[in-house]
Amino acid sequence: MRQPMVAGNWKMNGSSSSVKELIAGIKDGMASVTKAEVVVCPPAVYIPRVSGAVEDTAIKVGSQNVCDQDKGAFTGEISGEMLKDVGCEYAIVGHSERRSLYGESDELVAKRFAAARRNGIKPIFCIGETLQEREQGITNDVCSRQIDAVIALEGVEALADGVIAYEPVWAIGTGKTASPEQAQEVHAFIRGKIAALNADVAEGLRILYGGSMNPANAAELISQADIDGGLIGGASLKAEDFLAICSAAE
Ligand code: PGA
């Protein structure tokens, strides 16, 4: 049995006071979350504060990215060792906003995945197609290509050290969710592709769905056979909504 996971990607939102309030709200509701693994990914500058606040809880902390390099002249980047040092257990890599707005290639994402791993951080590896790619009927090819970059660099076994988040780009922040059937179809494809290389890795691998998941649609999405949780953007900024999704995952 794969443990369900719900991860909140706060993106570039919040302030010292709102972050304090949000994490306190999530902590307050955690008693009702017994099965799901809960992760929050605050903006980097707030990670130490959040790590401190969740120390005595089951809530885990992740970063929104990680540098592919470990140290030195890489202005603006944050290394895996630093993230580990301030309490990160997870790191998002390859989010579509990084790929599309900051030009991160499949190869760079794979290197960031590798950097997380070698620093003992579990990657939350994001993949997904744009609307144009879906309309062209190449959704599976795009996901395949993105996964292959990691497999080429790190081997298929490396996937066991993290989770995959399938996030159709057209569903992110748009209020337009993939239907449970649409999402399940891609999740099953991803698991099948990995199973062809290593059945054990595929069986154990958690594949999260991301893209406008909210308290109203979470249960149906997560009840699909190959959907093991969610990566939540907008709805993770309200403790009540985020907790409702965590409960739905159970
Ligand atoms: P959304 O974002 O839930 O706001 O669509 C998801 C994500 O980008 O990870």
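Remember, it's 1-based here, ligands and their atoms both numbered in the order they're listed. Keep in mind that the numbers below use all heavy atoms, side chains included, and drop hydrogens, waters and symmetry copies.
For the side chain to side chain donor-acceptor pair (under 3.5 Å) condition, the pairs that include at least one residue of residues 157-178, sequence neighbours left out, are H95-E167, R117-D161, E129-Y166, E129-W170, R134-Y166, E157-N198, T177-N217.
Within the 4.5 Å cutoff, side-chain heavy atoms of I59 are placed close to those of V40.
Protein residues are said to neighbour a ligand when one of their heavy atoms lies under 4.0 Å from it; for ligand 1 these are N9, K11, H95, E167, A171, I172, G173, G211, S212, L231, I232, G233, G234.
The CD1 atom of I227 sits 8.0 Å away from atom OH of Y209, with the distance rounded to the nearest 0.5 Å.
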Indicate every side-chain donor-acceptor pair of residues 22-33 with a distance under 3.5 Å to a residue at least two apart or in another chain.
residue, atom, partner, partner atom, Å
K27, NZ, A53, O, 2.6
S32, OG, G29, O, 2.9

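Partners of E37 by side-chain hydrogen bond (donor to acceptor under 3.5 Å, both in side chains), not counting sequence neighbours, listed by chain and number: K60, Y90, R206.
Remark: R98 is positioned above the aromatic ring of Y102, its terminal NZ or CZ atom under 6.0 angstrom from the ring centre and at most 45 degrees off the axis.
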